[in-house]
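These notes concern the structure reproduced below.
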Amino acid sequence: MQSSFVMVIFGATGDLAQNKLIPSLFSLFKQKQLPTDFFIVGFSRRELSDSDFGSYFKALQDKEGWNEFAKHLSYQKGSFDDISGYSELIDKLKKLDDKIGACVTRFFYLATPPDHYQNILKFLRETKLSEGCGPHFAPLSGASRSKQESKWTRIIIEKPFGKDLETAKALDMKLSEVFEEKQIFRVDHYLGKETMQNIIAFRFANGIFEPVWNKNFIDHVQITWAEEQGVKERGNFFDGVGLLRDVGQNHLMQLVTAVAMESPKSFSKEGVRDARAEVIKKIRCVESSEVSKNIVRGQYENYRSEKNVAKNSNTETFVAMKIFVDTDRMAGVPFYIRMGKKMPKNLVEISVVFIQTCHILFKEYGCPEIGNVLVFRIQPDEGINLRVIAKKPGAKLSLGTVNMNFSYEDQFRTNGADAYEKVLLDIFAGDQMLFNRSDELESSWEFITKILKGWANLGVEPLKYKAGTWGPEEAEALIEKDGRKWI
Ligand code: BG6
């Protein structure tokens, strides 16, 4: 990338900046993917000097190249709900424009807890920071301050985008008062994952799958999103949000979309976003009265003793559900989804299970219970596995399953680009394809809000499960009552 930029990170001392944003920016710097003139300004409530801010990233400090990178970091102390920090930020940014002698493109990255978004947007607008470098510097000679100037700014907003349908709509309204759609980047980093992008390439670049990718051949789909860790240091954030909002409303919806979408009209920003939006719109809402039948809500034992978690918390750390996508292609195909913290292992996987036909001819020869399964391993050990039935060696006919495996590591000696690096590069390039459009978010919130309301109406506590297990027993029952099993 060529042009200079400044990225202001609101919430710069938080978890996201620490673990994802700064490490990814550092990595891009080392790969020489950042321009010569780039500036990263941390904005947070803590009292820190520029150099304190640099030394805040302890895990990176001893790495080669860090000292060079750290020269691009500076810090602005400020409270998100008080104008004074923003006013000082204006002076800081003006100095950068003057140093470069041009309007430096400004990226405002909201990496704070979501409660602060509305306030930050309000102050960005009030101080006119949202409008770019402003009157102190005329980017186009003689040009009046116009919408054209707004191209010098972009807003990046992290998930969860709101708390429910109503708050998501309100946030979107606020965003559109301050920024134009082309300036807005609503992040779901799962869209930036190599393996997620590959599902679309795999499905639509290989003509052999399209004829069988529908309800006539697919028996069901299973999606597992599992993390070994609990809430760790994020109790404060997580306890107010819960797993359904934290990953269900966004990452899991996108995994469903990748499997169920139609071929985009074109491989363009709007083509792909339209195809995604269409699937999310067609996910059948689970009515309140059906919630207890089709959704299992769990909480791991001892969750309530975690740091910064309420002693009587009913926040869910596990969810299993059975849903349907009512499109011509997928009508009637159940999607069984489970997501959980404190699971036996880290695993994000989609299994597309095809209708079993083995018994038609080979009933007595050891047809496995489940035949063809195509597994997309999102992480770890990124890759794809196709399970097929084959004859075992020997004089007597006996069948078994074998795996045809593609592993990124074996094939390309890499697990692919980091998702946040991809997200950042697309922001710099102004490419919104892998960012949520507001209609996608609205539809997914509609679906999620119904479940949240259903739980509130039921008024029962989440089911307990032991750490290191696959959630409450009821999650097994959810799929077993249909005569199927988690893979
Ligand atoms: C985040 C969630 O969006 O994704 C976290 O807030 C979760 O709870 C994380 O741990 C998982 O991301 P990844 O890329 O490690 O799968």
Side-chain angles (χ1 to χ4, degrees), residues 11 14-24 27 59 109-117 156-163 168 185-199 223-256 258 298-300 303 306-309 313 315-319 337-350 376-383 408 415-424 426 434-436 440-441 444-445 448 467 471:
D15 196 66
L16 184 74
Q18 239 350 283
N19 297 324
K20 303 278 189 192
L21 297 182
I22 298 293
S24 300
S27 168
Y109 203 120
L110 308 198
T112 65
D115 319 351
H116 298 295
Y117 292 169
I156 301 111
I157 190 154
E158 272 287 340
K159 47 146 284 280
F161 190 91
K163 282 181 113 162
F185 290 74
R186 301 174 190 84
V187 178
D188 177 342
H189 76 281
Y190 266 57
L191 286 170
K193 283 190 189 278
E194 194 78 72
T195 38
M196 281 287 286
Q197 294 171 67
N198 190 38
I199 299 177
I223 302 180
T224 297
W225 185 97
E227 261 185 7
E228 259 181 275
Q229 64 181 26
V231 292
K232 288 175 88 184
E233 296 303 308
R234 296 170 79 220
N236 225 345
F237 160 80
F238 187 87
D239 202 39
V241 171
L243 196 68
L244 189 63
R245 290 187 182 97
D246 184 32
V247 303
Q249 181 272 329
N250 33 73
H251 306 335
L252 271 296
M253 289 292 107
Q254 291 302 342
L255 294 171
V256 172
Q299 185 187 75
Y300 61 80
Y303 169 74
E306 296 272 24
K307 198 170 136 197
N308 294 326
V309 165
S313 172
T315 297
E316 77 285 356
T317 61
F318 176 92
V319 183
I337 299 173
R338 56 180 172 172
M339 56 194 106
K341 298 236 178 214
K342 289 267 181 191
M343 297 278 104
K345 53 178 163 178
N346 290 324
L347 180 82
V348 181
E349 222 170 69
I350 302 174
F376 295 100
R377 293 188 307 271
I378 310 297
Q379 62 195 41
D381 184 20
E382 288 79 349
Y408 268 83
N415 285 329
D418 174 80
Y420 265 94
E421 291 177 24
K422 171 73 179 149
V423 163
L424 287 163
D426 284 359
L434 300 180
F435 294 82
N436 283 139
E440 284 178 77
L441 282 173
S444 72
W445 272 121
I448 297 292

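Every number for a ligand or one of its atoms is a count from 1 in the order of the listing. Numbers here simply count residues along the sequence, with the first being 1. Note that the structure is predicted; figures quoted are calculated from it, not measured.
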Practice item. Give me the ring orientation class for Y190 and H251: parallel if the planes are under 30° apart, tilted from 30 to 60°, perpendicular past 60°. Key: parallel

Review point. Does one side chain, of Y109 or E158, offer a donor that lies under 3.5 Å from an acceptor on the other?
Key: yes

Check your understanding: Do we get K342 above Y300's six-membered ring, with its NZ or CZ under 6.0 Å from the centre and within 45° of the axis?
Key -> yes

**Study point:** Ion pair K341/E227, N-O distance below 4.0 Å
**Key:** yes

Check your understanding: Are the charged groups of K159 and D246 less than 4.0 angstrom apart, N to O?
Key -> yes

One line per pair, note the atom names and distance for all nitrogen or oxygen contacts under 3.5 Å between ligand 1 and the protein.
{"unit_1": "ligand 1", "atom_1": "3 (O)", "unit_2": "K159", "atom_2": "NZ", "d": "2.7"}
{"unit_1": "ligand 1", "atom_1": "3 (O)", "unit_2": "H251", "atom_2": "NE2", "d": "2.8"}
{"unit_1": "ligand 1", "atom_1": "4 (O)", "unit_2": "H251", "atom_2": "NE2", "d": "3.4"}
{"unit_1": "ligand 1", "atom_1": "6 (O)", "unit_2": "K159", "atom_2": "NZ", "d": "3.1"}
{"unit_1": "ligand 1", "atom_1": "6 (O)", "unit_2": "R234", "atom_2": "NH2", "d": "3.0"}
{"unit_1": "ligand 1", "atom_1": "6 (O)", "unit_2": "D246", "atom_2": "OD1", "d": "2.6"}
{"unit_1": "ligand 1", "atom_1": "6 (O)", "unit_2": "D246", "atom_2": "OD2", "d": "3.3"}
{"unit_1": "ligand 1", "atom_1": "8 (O)", "unit_2": "R234", "atom_2": "NH1", "d": "2.9"}
{"unit_1": "ligand 1", "atom_1": "8 (O)", "unit_2": "D246", "atom_2": "OD2", "d": "2.6"}
{"unit_1": "ligand 1", "atom_1": "8 (O)", "unit_2": "K341", "atom_2": "NZ", "d": "2.9"}
{"unit_1": "ligand 1", "atom_1": "10 (O)", "unit_2": "E227", "atom_2": "OE1", "d": "3.2"}
{"unit_1": "ligand 1", "atom_1": "10 (O)", "unit_2": "E227", "atom_2": "OE2", "d": "2.4"}
{"unit_1": "ligand 1", "atom_1": "12 (O)", "unit_2": "H189", "atom_2": "NE2", "d": "3.3"}
{"unit_1": "ligand 1", "atom_1": "14 (O)", "unit_2": "H189", "atom_2": "NE2", "d": "2.8"}
{"unit_1": "ligand 1", "atom_1": "14 (O)", "unit_2": "K193", "atom_2": "NZ", "d": "2.7"}
{"unit_1": "ligand 1", "atom_1": "16 (O)", "unit_2": "Y190", "atom_2": "OH", "d": "2.5"}
{"unit_1": "ligand 1", "atom_1": "16 (O)", "unit_2": "Q379", "atom_2": "NE2", "d": "2.7"}

Check your understanding: Looking only at side chains, do T224 and E349 share a donor and an acceptor under 3.5 Å apart?
Key -> no

